[in-house]
Amino acid sequence: MDLLDTLTAKGLRGDVPTREEALAVLATTDDELLDVVAAAGKVRRKWFGRRVKLNYLVNLKSGLCPEDCTYCSQRLGSKAEILKYTWLKPDQAAEAARAGVAGGAKRVCLVASGRGPTDRDIDRVTDTIDAIKDADPAVEICVCLGLLSGNQAERLKAAGADAYNHNLNTSENTYGDIATTHTYADRVDTVQKAHGAGLSACSGLIAGMGESDEDLVDVVFALRELGSDSVPVNFLIPFEGTPLAKEWNLTPQRCLRILAMVRFVNPDTEVRIAGGREVHLRSMQPLGLHLANSIFLGDYLTSEGQAGQADLDMIKDAGFEVEGAGEATLPRHRADVAAASSCGTAASACGSGGGCGPCGGHAHAPASASASEDTPASAAEDTDASDGELRSDLVKVRLRGAGTELAPNA
């Protein structure tokens, strides 16, 4: 296919496709899917080899958010039966982080629900970073606290944070359809504040909210222009008790095409499969590793992921390897840019509700269920969004790990 030959050649050079070419990737057929994966896989291996970076989420504060993001189980007015708790103490967060690091995670993502942090919240997170770094100075710390103000980004950088996550989520044109308590411009401003303070830019999207192909391409190109070092690709988990509870618009094939498009637009950038991986890719998760070079290990903010050991087995069985603590994630030319940024020489850029990955969760999961048991997935055939069948059997509320008395899934 001429399109794939062109995209592969551009990706191997580190060049960016045109908008039309990116749209054409999303328009390919299922018959062409393996060709698309193979082409994008060549680009992924050129810049990242067969390494897979593992990231681990620690939910510092869960639920009770004043923002109205329609996709989020922690939103204002959410009726999703998720865990709700206030700030974890630094030693509690550090203990949760140790479980992820022990499982092979290179980066720990500290997330807290809310519009944005107060200065007291920054103090809390600073103490938490100290506790984690005291145990393992080499671990990367990414912080996700919502909208930043004043010198908060500089304070986080001085405290030892390596990165800040704040997702754009969708295109500027349709942002008002998913949130009204803040704007797309607010999110861009926070990404720019974080990057300007020398924090690595982590900003991504959520697919499956009813957006068009044009919206997906718009947000991916916007992330490229902002200078994101890491692009988390989340697939909407339609939470019971939220306005998007019935938005089951994704198939595994659609998810792979989206990941391929993101890889072609960001050939030398960390592309991470984030929330919704298990729900939407299902048995095709290993193919996603040919496109993305980064995943989350174990659970998400308010939903369960597959067991951490299953993640490690999947990586090994697919012929990939876990990226080591001493290995650079980004290619040398991108790493040099990131290093310059951390010295304050970068002039350009890199959340609340969504964070490093959608919270996840489903109100139908019984609160009394054993958190250590996996609910078997339905044996029914996959269905397209057109028939409207919900896949609630695939979504489980997180009832373990940080904020609970149960061991985390790592």
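We number each residue from 1, following the sequence as shown.
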OG of Ser303 to NZ of Lys396: how many Å apart, nearest 0.5 Å? 9.5 Å
For His333 and Trp47 the tightest heavy-atom approach is CE1-CZ3, 3.3 Å
Could you check whether the rings of His280 and Trp248 sit parallel, tilted or perpendicular, using 30° and 60° as the cut-offs? tilted
Going by heavy atoms in the side chains, are Trp87 and Thr128 under 4.5 Å from each other? no
Shortest non-hydrogen contact from Pro90 toward Ala131: O-CB, 3.9 Å
Reference residue Lys10; test side-chain contact (heavy atoms from CB on, under 4.5 Å); the match among Val16, Asp5, Thr18: Thr18
Mind listing the closest non-hydrogen atom pair of Leu301 and Asn59 along with its distance? O-ND2, 3.3 Å
Between Asp121 and Arg124, does any side-chain N to carboxylate O distance fall below 4.0 Å? yes
Quick one: does Ser113's side chain have a donor or acceptor within less than 3.5 Å of a partner on Cys65's backbone? no
Could you tell me whether the side chain of Arg277 and the main chain of Ala274 form a donor-acceptor pair under 3.5 Å? no
Looking at side-chain heavy atoms only, is the closest gap between Leu54 and Lys106 below 4.5 Å? no
Result of checking Leu297, Val52, Leu312 against Val322 for side-chain contact (heavy atoms from CB on, under 4.5 Å): Leu312
Under 3.5 Å donor-acceptor, Ser62 side chain and Leu83 backbone: yes
Any chance you could lay out the side chain to side chain contact (heavy atoms under 4.5 Å, CB included) test for Arg45 and His290, step after step, and finish with the verdict? CA-CA 8 Å; Arg45 291 191 300 277; His290 290 272; 4.1 Å; yes
Could you pull out the closest heavy-atom pair between Ala39 and Leu4, with the gap in Å? CB-CB, 4.1 Å
Is the shortest side-chain N to carboxylate O distance from Asp268 to Arg332 below 4.0 Å? no
From CD (Gln253) to CD (Glu32), nearest 0.5 Å: 13.0 Å
Does a side-chain heavy-atom distance below 4.5 Å link Glu67 with Gln74? no
Side chain to side chain donor-acceptor pair (under 3.5 Å) between Ser212 and Asp215, worked out: CA-CA 5 Å; Ser212 67; Asp215 291 321; 3.1 Å; yes
Any side-chain heavy-atom pair from Leu34 and Leu287 closer than 4.5 angstrom? yes
Counting distance only, does the side-chain N/O of Asp162 pair as donor-acceptor with the main-chain N or O of Cys142 below 3.5 Å? no
If you apply the rule side chain to side chain contact (heavy atoms under 4.5 Å, CB included), what do you find for Val188 with Glu172, and how did you get there? CA-CA 10 Å; Val188 170; Glu172 181 176 14; over 6 Å; no
Any donor-acceptor N/O pair, Arg115 side chain to Gly146 backbone, under 3.5 Å: no
Determine whether a donor-acceptor pair (N or O, by modelled atom type, separation under 3.5 Å) exists between the side chain of Asp299 and the backbone of Glu304. no
What do the steps show when you test Thr126 against Arg155 for side chain to side chain donor-acceptor pair (under 3.5 Å), and what is the final call? CA-CA 8 Å; Thr126 294; Arg155 290 182 62 194; 5.2 Å; no
So does Lys42 have more than 12 non-hydrogen atoms from other groups sitting under 6.0 Å from NZ? no
List for me each residue that meets salt bridge (Lys or Arg N to Asp or Glu O under 4.0 Å) alongside Glu140, sequence neighbours excluded, and say none if there are none. Lys53, Arg107
Arg272 charged N/C atom sitting above Phe296 aromatic ring, 6.0 Å / 45°: yes
Any side-chain heavy atom of Val125 sitting closer than 4.5 Å to one from Pro117? no
Kindly indicate whether the side chain of Val101, heavy atoms from C-beta on, has any atom under 4.5 Å from the side chain of Ile132. no
Is any NZ, NE, NH1 or NH2 atom of the basic residue among Glu321 and Arg50 found under 4.0 Å from an Asp or Glu carboxylate oxygen of the other? no
Classify the side-chain pair Thr183/Asp186 by whether it contains a donor and acceptor separated by less than 3.5 Å. yes
Do we see a donor-acceptor contact under 3.5 Å between the side chains of Tyr71 and Asn234? no
How long is the gap from CG on Asn409 to OH on Tyr56, to the nearest 0.5 Å? 7.0 Å
Shortest non-hydrogen contact from Asn169 toward Met209: O-CE, 4.0 Å
Check this for me, if you would: do Arg257 and Asp30 make a salt bridge, where the nitrogen-to-carboxylate-oxygen distance has to be below 4.0 angstrom? yes
Can you measure from CZ (Phe235) to CG (Leu205) and round to the nearest 0.5 angstrom? 8.0 Å
Under the rule for side chain to side chain donor-acceptor pair (under 3.5 Å), what residues qualify as partners of Arg44, not counting sequence neighbours? none
Do Arg263 side-chain atoms and Thr269 backbone N/O form a donor-acceptor pair below 3.5 Å? yes
When you measure from the side chain of Ser171 to the backbone N and O of Val219, does any donor-acceptor pair fall under 3.5 Å? no
Identify the heavy atoms of Tyr184 and Tyr175 that sit nearest to each other, and give their distance. N-CD2, 3.6 Å
Is it the case that more than 12 heavy atoms not belonging to Asn173 sit under 6.0 Å from its CG atom? no
Stepwise side chain to side chain contact (heavy atoms under 4.5 Å, CB included) check, His182 with Cys69: CA-CA 9 Å; His182 60 270; Cys69 306; 3.5 Å; yes
In Å, rounded to the nearest 0.5 Å, how long is the span from CG of Asn55 to CD1 of Ile295? 8.5 Å
Under 4.0 Å between a side-chain nitrogen and a carboxylate oxygen: does that hold for Asp136 and Arg98? no
Measure the CG-CZ distance between Leu259 and Arg254 for me, rounded to the nearest 0.5 Å. 11.0 Å
Heavy-atom check, side chain of Glu21 versus side chain of Phe264, under 4.5 Å: no
If we only count heavy atoms from C-beta on, is the Tyr164 to Leu145 side-chain gap below 4.5 Å? yes
More than 12 non-hydrogen atoms from neighbouring residues, nucleotides or ligands closer than 6.0 Å to NZ on Lys316, yes or no? no
Counting distance only, does the side-chain N/O of Arg51 pair as donor-acceptor with the main-chain N or O of Thr329 below 3.5 Å? yes
Has Glu95 got a side-chain atom pairing as donor or acceptor with Gln92's backbone, closer than 3.5 angstrom? no
Could you walk me through whether Asn266 and Val220 pass the side chain to side chain contact (heavy atoms under 4.5 Å, CB included) check? CA-CA 8 Å; Asn266 298 276; Val220 173; 3.6 Å; yes
Short N-O contact, Glu270 and Arg334, less than 4.0 angstrom: no
